[in-house]
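Input: a single structure, listed below in structure tokens.
We use all heavy atoms of the structure for the numbers below, so side chains are in, but hydrogens, waters and symmetry mates are not. As the structure lists them, so they are numbered: ligands from 1, and atoms in each ligand from 1. A quick note: this is a predicted structure, and the numbers were derived from the prediction, not measured.
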Amino acid sequence: MHPHPSYSAQAIADLRRQHPLLAPVMALQPVSWFNPERTPVDLALPALSLTAGDVADASRRLARFARYFNVAFPETQEQQGIIESPLRPIPAMQQAMIEHYGQPITGSLLLKMDSQLPVSGSIKARGGIYEVLQHAEKLALKAGLLHLDDDYAKLHSEDFREFFGRYAIAVGSTGNLGLSIGIISARLGFRVSVHMSADARQWKKDLLRAQGVTVVEYDSDYSVAVAQGRAQAAQDPFCHFVDDENSVQLFLGYAVAGERLKAQLAQQQIKVDREHPLFVYLPCGVGGGPGGVAFGLKLAFGDAVHCIFAEPTHAPCMLLGVYTGLHDGISVQDLGIDNLTAADGLAVGRPSGFVGRTMAPMLDGFYTLEDREMLFLLGLLARSEGIQLEPSALAGMPGPLRVLTETEGYRQRLGLTPARLARAHHLVWATGGGMVPAEEMEAYLAQAASTKPAAV
Ligand SMILES: *Cc1c(COP(=O)(O)O)cnc(C)c1O
């Protein structure tokens, strides 16, 4: 574990002097920051401990498990047991945003709908499920019950459920990670406990309990739920703890999205290269999801892809960690920021140090936005495109405006000329919402309807 210093008033004052953006961040104002140390992919990659080979290995593992999903989760049959989401243009939303913000948005606007991912309806169906599969495969191979060239459909059986029942899995979560880990682990037969922070929605806890998952509730935030889960798992040698703050497996599961998106864009005849830049806007909590996806995207598209992370003004942990260089050595609470947001999955006060340190050189930028902007955009997307998402999934939506109106010289530095920007693709990663119950969605839409459009 990393030491987590707290900061004296003097130390905070010093930090503020060194890092002028902290003033608006601490005042909870929406900010944008483009990484002045963005490093070309060819230079950044060799310095990392993870490689394209690791992602390819994860991809092959998911392919092996496709036969299992085909039988254990029939909703995946349409895609031959591969858990992947649709990509679609949203021109009506683009037009609605141009009108609302009074700013041109050049290029095309695309939505990557992880809200529709089978099994758990959020981006966590990538990394979370992958880590459990990796663990299950390792156990079964070691016990001699499985071989790499077997038909993995055999895992969907009482014999295997009994075998996995000797092992436990634990995770700390604000909700969606718990859903993905809980559902897949329970289906395989593991004993699984999900440690939920106070902000986790009741329906997520109910759904998990209905699947036989042990849900442990806390009055405190995400960090505490994770720490408690970690402590419990440490006492049980048969328990695997899914460490959202540090897990390489989660990261690799997310990273497979890069090659998948590349194939999808090619299929839709959407070109990405220096002349046709791709901007991807990723809602960020602890950083594993967006960090892993960004890693996969950089492998797939090199410097032609620009990865920008979006966070709530009340939980800007990754921006804070990367901007100050302190990574998991600082939390938003250290700055007096409360970490309270309606955006499920984004209420994280301290970023993953592993992700920040690994990805910082390759990340393009960060911005924060208010809850009311996410809510307003939730309503606008529902009206313009008929697509319903959870609030956090809208965090990436204003991204194109942040890029197109920045004045820090980012576009100029990277040769993003008006001609290139006219051919750009802006891809908003819609990270969740597929499993939100109808009455909860009605409540979001009602809230959205009464939300005053936020200032840009
Ligand atoms: C978890 C989550 C994120 C962010 O992922 P992190 O790995 O926590 O950064 C974004 N959106 C939704 C809906 C999520 O559930």
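Some N or O of G289 is nearer than 3.5 Å to an N or O of ligand 1, by distance alone. Taking distance alone, with nitrogen or oxygen atoms compared against 3.5 Å, G287 approaches ligand 1 more closely than that limit. Considering backbone and side-chain N/O atoms, E390 never comes within less than 3.5 Å of an N/O atom of ligand 1. Below 3.5 Å of separation, one finds an N or O of G285 facing an N or O of ligand 1. Any N or O atom pair closer than 3.5 Å counts here, and P283 shares no such pair with ligand 1. Checking only distances, V286 does come within under 3.5 Å of ligand 1, N or O to N or O.
Because its NZ or CZ atom is not both nearer than 6.0 Å to the ring centre of Y130 and within 45° of the ring axis, R61 does not count as a cation-pi partner of that residue.
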Could you walk me through whether D244 and Y222 pass the side chain to side chain donor-acceptor pair (under 3.5 Å) test, one step at a time?
CA-CA 10 Å; D244 198 16; Y222 165 85; 2.8 Å; yes

Would you check, one step at a time, whether the test salt bridge (Lys or Arg N to Asp or Glu O under 4.0 Å) holds for E385 with R88?
CA-CA 11 Å; E385 300 278 355; R88 63 175 264 197; 3.1 Å; yes

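No donor-acceptor contact under 3.5 angstrom links the side chains of D364 and N35, judged on distance only. Side-chain contact check for S32 and R402: at least one donor-acceptor pair (N or O, by modelled atom type) lies under 3.5 Å. Side-chain contact, Q232 with D236: no donor N or O sits under 3.5 Å from an acceptor N or O.
Counting the atoms of ligand 1 from 1 in the order shown, those under 4.0 Å from a heavy atom of C284 are 9 (O). The distance from ligand 1 to the heavy atoms of P290 drops below 4.0 Å at these ligand atoms: 5 (O), 6 (P), 7 (O), 9 (O).
Of the heavy atoms in N176, only side-chain atoms (C-beta onward) come closer than 4.0 Å to ligand 1. At a 4.0 Å heavy-atom cut-off, ligand 1 touches K124 through the side chain alone.
The closest protein non-hydrogen atom to atom 12 (C) of ligand 1 is T431 OG1, 3.4 Å.
For V348, the heavy-atom gap to ligand 1 stays at 4.0 angstrom or more.
In this structure a side-chain-to-backbone donor-acceptor pair under 3.5 Å is present from S384 to L380.
In terms of heavy atoms, A347 sits closest to A315 at CA-CB, 4.3 Å.
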